[in-house]
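Order of the sequence lines sets the chain letters (A, B, ...), proteins ahead of strands, with each chain counted from 1. Everything quoted here is computed from the prediction, not taken from an experiment.
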Amino acid sequence: MRDFLKRYSSSSLAMVGLAIVLVAVFAAAFGPWLVPFDPNTQDILQRLKPPLWRGTDGMHLLGTDALGRDIFSRIIVGARVSILVGVSAVVISSIVGVTFGLIAGYEDKYAGRVLMMLTDIQLAIPFMVLALAVAAVVGPSLWNIIAILGLTNWVQYARVVRAECLVLREREFVQAAHMMGISTPHILTRHLLPNVMSSVIVISSLLVAKMIIFESSLSFLGLGVPPATPTWGTMIAEGRNYIGNAWWVATIPGVAIFVTVMGTNLVGDRLRDLLDPRLRQVES
Amino acid sequence: MSNQDLQTPPAGDTTQPVLSVRGLTTSFLVDGSWRPVVNNLSFDVMPGETLAIVGESGSGKSVTSLSIMRLLQKGSSRIEGEIRLGGRDLLALPDGEMRHVRGRGMAMVFQEPMTSLNPIFTIGEQLVEALTCHGEMGAEAARKEALRLMDKVRIPNARARFDEYPHQFSGGMRQRVMIAMALAAKPDLLIADEPTTALDVTIQGQILDLIKTLQAEEGMSVLFITHDMGVVAEIADRVVVMYRGEAVESGPTQDIFYDGKHPYTRALLSAVPRLGSMKEQALPKRFPVVDIATGKSTEPATVAGTVVRSSRPVLEVRNLVTRFRTRGGLLRRSEGAVHAVENVSFELFQGETLALVGESGCGKSTTGRSITRLVEPDRGKVMVDGVDMRSLGKRALRQTRRNIQMIFQDPFASLNPRMTVGAAIAEPFLEHRLGTRAEARDKVADLLQRVGLSPDVMGRYPHEFSGGQRQRICIARALTLDPKIIVADESVSALDVSIKAQVCNLLMDLQESLRLSYLFISHDMAVVERISHRVAVMHLGEIVEIGPRAAVFENPQHPYTRKLMAAVPVPDPSRRFISRSAEADELKSPVHPAGYEPPERIYREVGDGHFVQVE
């Protein structure tokens, strides 16, 4: 583990990514206790104030929106939704995808074929259309968003894990386990799962970024988390009407999304470099 | 050792060496410090001469060849000393010029013919590329030259095979293509790094003869790297023995073989299984073990009579048939079948070792897998201790498999890299609920001791062990369920000679103490001769000859058995000038069109329990 951290830190870009991720997680965890203003308090007199570095008024670090709410506070509190949705959706999709992938890769007769057909169907449906339809039916809420994102993004896991299992299954240690009468569930969990974990970690770290963008997109379209909770996506949606005279209202949450996504991607890239055995050989 | 005898060319000869290596030290960067892998190595290769570098894995022999070619990764490796090719100092050359030296000055043939060709280009295209890449030959001329080279390396029907892809070539044929490529630019020196290790014995013999013939025709020098003393005896004029990065002994092949001084040389030679060393002996006999420090050898003991022939056999196989259907076309219709196992019958008694021998693709591994039902056989009967394996449902099969366990070929692939050794050995014990965790621990400790490892290693992971140790761990794991039969599928083939001898001895020890029966699947005739009670020779999915070991080895009746015996390299340098024939023949294919049924085979009994297929 120590060795792993040492190797991770040898890339400065990856350390920047890690720092971004840690800041975002910190904001998500302790945001409500950190903010200078209540993110939902409206102050009509203070509406559309520019950020400090452009401003005349020294109260709001990143300015205010059309209702006079403090953007800095809303960004911090919005991190909570983004991180929560990103991580929970990834956890759900990894559980679904890895299970499907393991079964389809090990038992590729009937169960496997049916599961792979499901993945192909899933791949054929445009994500946004599906998400819109589901959100329209069940209605927008935080947990619905997580469920929608989680249940529509497992395909990548299923495909990668299945491919790895098809290879692992022919390896002699799996055959040996078979010979010794180890039951199928145990072969899947003890022999196959630990050997696909590094891929799963890499996919997860990259998928978190994608989930954050999906959540923002849905919120932007008004299908995300209900308006009372500030999210980066709804902030952009609300700011878009003022883009001409108050650019910061929509741009700053955009930057927040960009930086967070870049941070998780940098971490994901580094993890892939370190954990992917093929790349590891090149490096050493 | 004295470098003197290496460096002086034969008396009266003043020719310059083709390759001269002085004080070669190659180090790798490991955890921030330089660790030497090859240490102060010096040797010469004279024109037209074959020098063999022999050693076991980790001795630095391959690193030596890569250092000479300068193919090691820069930054993480460091080459010191002097390497002169025809007088030019290779270590001082810039990269661009070095690229020209590779190919023209010297060329290399690697071990794995399966992976050294690009699968998406035809053989012809790849040969033409090798010819035109130095920019002197036109496309038409290159095509002609490529065909000439294919003829030269005796690829039959070269013109027709020019446009075929690598997967249509057998391993031996691919190695011929690699040699043709190496010859493309007429190098002065051919470096062959274990070129025959991945090949079958009969093919190995052909490739060795081809190299000898080509060397005579082209007058080139050969630097031959191998672990196999039998191959050394066949091909080398002089030998350098390497051990842990250093040359421990060197000299003319005859001297090394008959008068080796260094204990390691003697250990290496004594561990080499010799075909014919078991004449007039009915029972298996252990390998002598030589102490590398002193060179003293133990007298090998015979495996005492373990075979119980009075009761029913522990394994009985009757008319076993396994075929793999090949599909093709738009509708994926069955087009034909690989007749991997065809009408195989034999029995195995308690405490007996039956060897299944044959070349790759003969169906010996599939036979083992069909018996254990890792592969589902199509027809036939497999009785394990009186239970018909093929009639069993999933649950009953798991129970019955406790009696028959398997040890695989690759000790690196047969252990789960993410599981400790102790957990791996205990797993079947706990899975079958044979006892508590504490009992499992005791069992693991006991098994580790039985296979010659300390119980303290339980908590370690497989990558911390060497190949031989891993194979011991696999043996321990196979013993956890107290099986009666062990199917050893090429279990010692991937190991170094000295380790191979030790693992074979271990198997024989365990047979003596636990009365195990082995189905020993191997292509290595010399190991088979020592370890087995009876031998079955397989060819194209069928058993062509079966009988007591002594009878089959001393009085082989089937032509295929004879061919197999003749192809085994013998560690006897006096046979070096006997050439078999460089002509290529390939193994016949066991693929038949759908619906094909082979004719019924008749066996005749030539001796007590010795049966031969009638052609």
Side-chain angles (χ1 to χ4, degrees), chain A residues 1-7 9-10 98 102 105-111 113 161 164-202 274-284, chain B residues 28-32 73 75-76 365 368-369 371-375 394-419 423-434 462 470 473-474 477-481 483 486-487 489-491 494:
Chain A
M1 191 63 204
R2 219 207 181 117
D3 177 53
F4 184 80
L5 285 177
K6 208 173 116 193
R7 289 203 302 153
S9 59
S10 65
V98 171
L102 282 175
Y106 185 69
E107 187 66 68
D108 75 337
K109 282 208 181 110
Y110 302 104
R113 283 198 197 150
V161 169
E164 289 201 9
C165 281
L166 287 176
V167 176
L168 285 172
R169 173 178 83 166
E170 302 300 322
R171 290 278 294 272
E172 289 172 349
F173 71 85
V174 177
Q175 307 242 315
H178 209 70
M179 272 308 301
M180 290 179 303
I182 310 295
S183 66
T184 306
H186 280 161
I187 290 182
L188 292 181
T189 52
R190 271 191 230 145
H191 292 281
L192 296 178
L193 185 61
N195 283 294
V196 300
M197 267 328 272
S198 56
S199 304
V200 171
I201 290 170
V202 171
L274 293 180
L275 292 175
D276 189 322
R278 279 154 299 182
L279 291 171
R280 192 163 48 199
Q281 272 166 6
V282 174
E283 197 191 33
S284 64
Chain B
F28 287 134
L29 191 59
V30 181
D31 293 328
Q73 200 143 48
S76 63
S365 282
R369 281 163 189 262
I371 290 166
T372 54
R373 272 184 68 188
L374 279 180
V375 167
K394 228 175 167 179
R395 186 178 296 266
L397 179 64
R398 276 178 63 194
Q399 283 304 314
T400 310
R401 273 207 186 127
R402 286 174 53 186
N403 282 328
I404 180 162
Q405 284 295 312
M406 215 161 165
I407 306 168
F408 296 90
Q409 171 169 12
D410 185 352
F412 293 88
S414 44
L415 290 168
N416 185 345
R418 316 253 167 179
M419 207 180 222
I425 301 174
E427 192 189 14
F429 188 82
L430 294 169
E431 182 84 18
H432 285 274
R433 304 220 165 88
L434 300 180
R470 286 190 213 200
I473 294 164
C474 292
R477 183 179 57 181
L479 293 175
T480 312
L481 294 171
I486 285 190
V487 178
D489 187 357
E490 297 277 12
S491 301

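With rounding to the nearest 0.5 angstrom, the CZ atom of A:R171 is 8.0 Å from the CG atom of B:D410.
Among A:H186, A:M180, A:H178, the residue with the largest count of heavy-atom pairs under 4.5 Å with chain B is A:M180. Note on B:C474, B:P428, B:P483, B:A478: by heavy-atom pairs under 4.5 Å with chain A, the leading option is B:P428.
Between the side chain of A:H191 and the main chain of B:M419, no donor-acceptor pair closer than 3.5 Å is present.
Proximity to chain A (any heavy atom under 4.5 Å) is shown, for B:Q399, by neither the backbone nor the side chain. Looking at B:R402, there are no atoms closer than 4.5 Å to chain A (heavy atoms on both sides), in backbone or side chain. If you measure heavy-atom distances from B:R477 to chain A, the contacts under 4.5 Å come from both the backbone and the side chain. For B:L374, the part sitting under 4.5 Å from any heavy atom of chain A is the side chain, from C-beta outward, and nothing else.
For the residue pair A:G181 and B:E431, the shortest heavy atom distance occurs at O-CG, 3.7 Å. Across every non-hydrogen atom of B:P417 and A:F173, the tightest pair is CD-CE2, 3.9 Å.
For A:E172, there are no side-chain hydrogen bond (donor to acceptor under 3.5 Å, both in side chains) partners, not counting sequence neighbours. Scanning for side chain to side chain contact (heavy atoms under 4.5 Å, CB included) contacts around A:R169 gives A:Y106, A:D108, A:L166, with sequence neighbours left out.
Between B:M406 and A:Q175 the shortest side-chain heavy-atom distance does not fall below 4.5 Å.
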